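Okay, so here's the structure we're looking at.
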Amino acid sequence: MPLIGNNPAPPKVMTWTKALPALLVAGIFDALRLFFEMFWFFGPALGAALCTAAVNDYAGTTIAATGGQVVAGLCTAAAAAAGVAFVGPFEMFGYLMSDAFALAGFLMLIILLFVTNARLFKANKAGLLWLAGGLGIGSIPFIGAIPSYSIILFRLYAHQIRTEKAELKKYIEERAAAQLKERREQEAVLIEQRAAQQEYEEEQYRQEEEDRYQQEEDQRAAREREAPEGNIGAGESGEPSIDTEASAIQFETLKDALSELNAKMNRTPEENGRLNRAREIMKSVSINPYEVRDPVFLAAFERAHAGQKVYDGSYENRNGFKFLNLRPERQGSPNNAPYNPQG
C-alpha cells in the first residue's frame, strides 16, 4: 500500500511578512495610548499647533515670516498656561481615552488574529492571557504608555514562527523517511517477483530437460530393440534405425557422452580405448549392433551419420570433431580389442 499518498498536507508556516499587518495595528493602538497617557503634554502642544495654524491662515502669513513666528510664540505661551492651569482635567481625560483605546485595541487584535491567524493561539496556548496582560498594562496610569501590545504580539509571532518551522522540518523528514520506506518495500516486492519468476523459469527448464532426456532414452531403447544383426553402416543398402535428424544439431554446442568423455582430463586406459574406438566409428561411419548400448559409441555414430567428420588438421575439415589428448593404442593391447559389453 502506498505510504506517501496517505500523508497529510504540509503544515503552514507563519512569516514576518504575513505578521506585519497585525503588528502595524498593534503599533497604532500603542501610539494612541501613548498620546493620551501623555495628554497633559501632548494636549497643550496640539492646541498650540492648531492655534498657530488657524491664526496664520486667517492672517495670511506663515511660520517663516516674522508675524507667523510671533503668532506661534503667543499660541505656545497660551497653550502652556492652559496646560498648567488645567493639568488635572487633561490628565483625567488622557487616562480615560488611553483606557478606551487599550480596550478597543485588545478587541481589534483578538478579532484580527482569530480571522487571519488562528494558528497563533495553537502555537501559543497562553496567547489570550498575554494579550489580556497587555490590556491590563494599558489600564495602569503612566505605565500604560509602554507599547505592550507591540511587544507581546512580536513575541507571540516569534514563538509561532519557530514552532511552525520546526513542524515543517519534521514533516519533511518524516515524508522523506516514508518515501525511502516505500521505495524499499517496492524493491523488496520486485526482488520477490523476480525470484519467483526465475524459480518458475528454472523449474520449467528442468522439466523440459527431463522430458527431453526421457524422450531420448525412450528413442534409444526403441532403437536398441529394433537394431538388426550384423554391421549397420552408411554404405549398406538397408536404412539404419539410427535417427537421422541429428544432422540438424549444431556440433559445436552439442553435449553428449562423447563430448563429455573427450573433455575429461585424466582418462583411464579403458576410457582412452573407448575414445579410440569412437574415433574409428566416426571415420568408418559404422557401428556394431552391441556397441549401440554404449552412449559414447552411439554418440560417435550419430555425429558421423549426421555428417560430422573427424578433424584431421586440414582447413576443409576445420569443423570436424577434435579428439583431445587421445593416446593411440598399442598393437596387441587389450584395449585395442573391439568393445563388447557382454565380455
Side-chain angles (χ1 to χ4, degrees), residues 1-39 41-42 91-189:
M1 181 180 296
L3 300 176
I4 298 175
N6 296 332
N7 284 349
K12 297 180 180 179
V13 178
M14 176 55 62
T15 63
W16 287 113
T17 302
K18 298 177 182 178
L20 185 59
L23 291 173
L24 288 175
V25 172
I28 291 172
F29 279 97
D30 282 337
L32 290 172
R33 284 167 46 209
L34 174 63
F35 175 81
F36 285 104
E37 283 287 341
M38 304 291 291
F39 192 73
F41 171 78
F42 291 114
E91 285 184 351
M92 183 60 64
F93 175 78
Y95 291 150
L96 290 176
M97 292 300 295
S98 177
D99 291 344
F101 278 108
L103 180 60
F106 173 77
L107 296 176
M108 179 66 73
L109 288 175
I110 292 297
I111 294 173
L112 180 63
L113 292 175
F114 271 109
V115 172
T116 62
N117 184 27
R119 301 194 314 274
L120 182 139
F121 300 105
K122 180 181 178 182
N124 302 273
K125 303 298 183 182
L128 283 174
L129 294 178
W130 278 97
L131 289 174
L135 174 62
I137 293 173
S139 302
I140 301 174
F142 187 74
I143 298 178
I146 299 175
S148 56
Y149 286 151
S150 298
I151 295 173
I152 291 173
L153 201 59
F154 178 84
R155 292 178 61 85
L156 293 178
Y157 269 113
H159 183 268
Q160 180 188 8
I161 291 173
R162 288 196 303 270
T163 302
E164 291 183 347
K165 282 185 177 180
E167 291 177 354
L168 179 62
K169 181 180 179 181
K170 180 180 178 182
Y171 169 83
I172 294 174
E173 292 175 352
E174 289 178 351
R175 184 174 178 84
Q179 290 175 340
L180 179 60
K181 181 180 179 182
E182 182 179 9
R183 285 197 298 270
R184 289 179 177 176
E185 289 180 354
Q186 291 175 350
E187 291 174 357
V189 171

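We're numbering straight along the sequence, starting at 1. Computed from a predicted model, the values in this text were never measured in an experiment.
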Apply side chain to side chain donor-acceptor pair (under 3.5 Å) to Thr163 and list each qualifying residue two or more places apart in sequence or on a separate chain. none
Just how far is it from atom [atom1] of [X] to atom [atom2] of [Y], taken to the nearest 0.5 Å?
{"X": "Tyr171", "Y": "Glu167", "atom1": "OH", "atom2": "CD", "answer": "13.0 Å"}
{"X": "Met14", "Y": "Arg162", "atom1": "CE", "atom2": "CZ", "answer": "14.5 Å"}
{"X": "Arg183", "Y": "Lys181", "atom1": "CZ", "atom2": "NZ", "answer": "13.5 Å"}
{"X": "Leu109", "Y": "Leu120", "atom1": "CG", "atom2": "CG", "answer": "10.5 Å"}
{"X": "Ile151", "Y": "Asp30", "atom1": "CD1", "atom2": "CG", "answer": "7.5 Å"}
{"X": "Trp130", "Y": "Arg155", "atom1": "CH2", "atom2": "CZ", "answer": "5.5 Å"}

CE of Met108: more than 12 outside heavy atoms within 6.0 angstrom? no
Mind checking side chain to side chain contact (heavy atoms under 4.5 Å, CB included) for Lys169 and listing every partner two or more places apart, or none if nothing turns up? Glu173
Counting distance only, does the side-chain N/O of His159 pair as donor-acceptor with the main-chain N or O of Ala123 below 3.5 Å?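 Yes.
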Any side-chain hydrogen bond (donor to acceptor under 3.5 Å, both in side chains) pairs touching residues 102-115, not counting sequence neighbours?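 Matches after skipping sequence neighbours: none remain.
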When you compare the side chain of [Y] with that of [X], does any pair of heavy atoms fall below 4.5 Å?
{"X": "Lys165", "Y": "Ile161", "result": "yes"}
{"X": "Phe121", "Y": "Leu131", "result": "yes"}
{"X": "Leu156", "Y": "Ile152", "result": "yes"}

Under 6.0 Å from the six-membered ring centre of Tyr149 and within 45° of its axis: does the NZ or CZ of Arg33 meet both? yes
For Trp16, give me all partners under ring pair (Phe, Tyr, Trp, His ring centres under 6.0 Å), at least two apart in sequence or on another chain.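 Partners of Trp16 by the ring pair (Phe, Tyr, Trp, His ring centres under 6.0 Å) criterion, ordered by chain and then number, come out as Phe154.
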Identify all side-chain donor-acceptor contacts of residues 110-119 below 3.5 Å with residues at least two apart in sequence or on another chain.
residue, atom, partner, partner atom, Å
Thr116, OG1, Leu112, O, 2.6
Asn117, OD1, Gln160, NE2, 2.9
Asn117, ND2, Gln160, OE1, 2.9
Arg119, NE, Glu164, OE2, 2.8
Arg119, NH2, Glu164, OE1, 3.3

Run the side-chain donor-acceptor check on residues 22-29: report pairs under 3.5 Å with partners two or more places apart or on a different chain.
none

Please name the pair of heavy atoms, one in Glu37 and one in Ser98, separated by the smallest distance, quoted to 0.1 Å.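 That would be OE2-OG, 2.9 Å.
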